[in-house]
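Okay, structure first, notes after.
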Amino acid sequence: MSTRRSCEEVRALAPEVALGIADGKERAEVLAHVASCAACRSHLAELADVADDLLALTPSEEPPAGFETRVLAELGIEPSRRSRRLRRPLVRPRRVLVAAAVASLMAVTATASALVLTSQDERELAGHYQAALERVGGEYFQAARLHDAQDRPVGQVFGYQGRPSWLFIVVYAPYRQTPLTATLTTTERDVIPLQAVDLDEQRASWGGEIPVDLREVELVRVVDENGNAYEARVPAGPGE
Amino acid sequence: MSPVSDEALLAGFASGDPEAAVEFVRRFQARVYGLARTIVRDRAMAEDVAQETFVRAWRRAASYDARRGRVLAWLLAIARNRAIDVTRLRSIEPLDPEVVAARLELERQSSGDVDESSRVDERKTLRDALADLPAEQRRALVLAVYFGRTAAEISELDGIALGTVKWRIRQALSKLREEVEGRYVD
């Protein structure tokens, strides 16, 4: 249950909320208060503006040559074709790319030698990953960030495509609450509730079997009792 | 001809216009990469952060609140959160807050700001106010703003009472707000 905070208490908590470092409970209480208090809402907005402006004080620095081209390629944009529409991003973060590369390797073992993994470390990682999956007849692992509406990191989601498929959800300390409600959204837009996910200071994670293949899962959504929603978009598996 | 506004460029970027996308990345890449470098330091990691920032901005462009009219702030918040995520995943220790403050001073001396003059003036006011804060307040604020450290984490890091950290953060941000607001009241 949320406690109703006074204006004085909210003013004391507002700086941490504005800076994005308040814990989930306090943040929810402050936001609940400002929803019906114009003065505190204005105060919080002013502090948030200052917090935003502080980020803009950092020195500009040109990224390495080719940065713009790489970003556009990641977005699937070909600058020379003026009428071309953007496609969904083809490339995922580099760490996931490595995972996708080794997962692809596992899925097409017959042609593994055709794939180029650039370093000995990556080849060893691929071999290790492949052997682990083969031992249990699995297909691939996946990972995604859990974030809030402002893209703040809230936790991580790990998935396994196998028989059965499973998910493991890690939530960072300030956001752990009881109860948390978790759902999966499939590529067919079906929403599947998971069993209650109760996390607290002693329990940071939840894991379990899911009733569909991981490859069918597009989104993992976690909502606390105050309505704060956190989402992780699960990248497609190899070959999908 | 006046340049396209940040908001119009973002709208074009979000709607899938290739020219807008190119211009959007060009306009903001140095700001985004600069912030990422300040937080994660390593060039390759900073480039990853900056690259992901633009991808996330594209995916989330629909959630941008045009009423606030601050595309740069929105973009930098995405970059900051992603960079902090990387530092936590890789256990990267925060840069010394006084070194960060010194980097901000460098920016003041060689300002490459191309923004509207009122925004540049506001940043100068803010930099000056940050420099004038008591060192312990500036330290707590820098750890919170640029490295996402909570009051409890700063308390543990510096071995000081949690209440003291919260008070320092509150005082620091309130003073900065007063300075920035005061500039327009005076």
Side-chain angles (χ1 to χ4, degrees), chain A residues 11-16 18-23 43 45-47 49-64 67-68 70-72 74-75 77-89 91-95 145 147-153 156 172-174 233, chain B residues 16 18-19 21-22 25-26 29-31 33-35 37-38 43 46-48 50-52 54-56 58-60 63 70 72-73 76-82 84-85 88 103-104 106-107 112 122-123 126-127 130 141 144-146 148-151 166 169-170 172-174 176-177 180-181:
Chain A
R11 298 291 174 110
L13 291 171
E16 288 171 71
L19 294 169
I21 59 166
D23 69 37
H43 178 77
E46 288 172 4
L47 293 177
D49 281 350
V50 174
D52 285 348
D53 287 342
L54 281 167
L55 289 181
L57 294 185
T58 49
S60 297
E61 184 173 338
E62 287 298 333
F67 175 80
E68 174 192 308
R70 288 190 287 279
V71 171
L72 297 179
E74 189 154 332
L75 293 173
I77 301 170
E78 294 177 38
S80 58
R81 297 191 181 185
R82 297 171 59 125
S83 61
R84 186 152 182 150
R85 302 284 295 180
L86 295 175
R87 289 178 278 121
R88 297 302 299 168
V91 181
R92 289 172 280 282
R94 186 164 293 174
R95 277 190 309 285
R145 293 171 68 245
H147 53 77
D148 70 6
Q150 283 75 45
D151 206 38
R152 284 185 284 259
Q156 301 156 343
Y172 299 146
R233 194 160 291 279
Chain B
E19 288 190 339
V22 170
V25 174
R26 282 182 186 158
Q29 62 182 16
R31 305 305 305 253
Y33 180 72
L35 176 62
R37 279 270 287 148
T38 298
R43 288 178 194 279
E47 188 179 350
D48 277 354
Q51 195 164 319
E52 282 185 52
F54 284 104
V55 172
R56 285 168 195 276
W58 182 54
R59 284 179 178 154
R60 293 165 200 273
S63 69
R70 306 181 64 178
L72 176 63
L76 292 182
I78 294 174
R80 176 243 194 201
N81 292 332
R82 180 60 194 139
I84 289 170
D85 199 19
R88 288 189 184 281
R103 277 175 68 91
L104 307 183
L106 279 178
E107 176 72 356
E122 191 175 312
R123 288 195 195 128
L126 198 55
R127 268 194 200 96
L130 187 65
L141 189 65
V145 171
Y146 300 102
R149 293 299 189 264
T150 65
K166 284 175 172 279
I169 291 172
R170 193 157 65 233
L173 197 58
S174 294
L176 298 190
R177 172 180 155 265
V180 173
E181 296 296 312

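Residue numbers begin at 1 in each chain, while the letters A, B, ... track the order of the sequences.
- Looking at Ala18(A), the atoms closer than 4.5 Å to chain B (heavy atoms on both sides) all sit in the side chain, from C-beta outward.
- Counting only heavy atoms from C-beta outward, the side chains of Asp49(A) and Val180(B) never approach each other to under 4.5 Å.
- Heavy atoms of Val145(B) lying under 4.5 Å from chain A belong to its backbone as well as its side chain.
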Q.
side chain to side chain contact (heavy atoms under 4.5 Å, CB included) for Asn81(B) and Asp148(A)? Distances and angles first, verdict last.
A. CA-CA 10 Å; Asn81(B) 292 332; Asp148(A) 70 6; 5.8 Å; no
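- Put simply, of Gln156(A), Glu62(A), Glu16(A), Glu68(A), the one with the most heavy-atom pairs under 4.5 Å next to chain B is Glu68(A).
- Using a 4.5 Å cut-off between heavy atoms, Thr150(B) contacts chain A through both its backbone and its side chain.
- The side-chain hydrogen bond (donor to acceptor under 3.5 Å, both in side chains) search around His147(A) returns Arg60(B), not counting sequence neighbours.
- Only the side chain of Arg80(B) comes within less than 4.5 Å of a heavy atom of chain A; its backbone N, CA, C and O stay farther away.
- Both the backbone and the side chain of Arg170(B) come within contact range of chain A, judged by heavy atoms closer than 4.5 Å.
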Q: Any chance you could lay out the salt bridge (Lys or Arg N to Asp or Glu O under 4.0 Å) test for Arg88(B) and Asp85(B), step after step, and finish with the verdict?
A: CA-CA 5 Å; Arg88(B) 288 189 184 281; Asp85(B) 199 19; over 6 Å; no
Q: Would you please test Leu176(B) and Asp53(A) for side chain to side chain contact (heavy atoms under 4.5 Å, CB included) and show each step?
A: CA-CA 10 Å; Leu176(B) 298 190; Asp53(A) 287 342; over 6 Å; no
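- Only the backbone of Arg149(B) comes within less than 4.5 Å of a heavy atom in chain A; its side chain stays farther off.
- Top candidate by heavy-atom pairs under 4.5 Å with chain B, chosen from Leu13(A), Val71(A), Asp151(A), is Asp151(A).
- Side-chain contact between Glu47(B) and Arg70(A): present, with at least one pair of heavy atoms (C-beta onward) separated by less than 4.5 Å.
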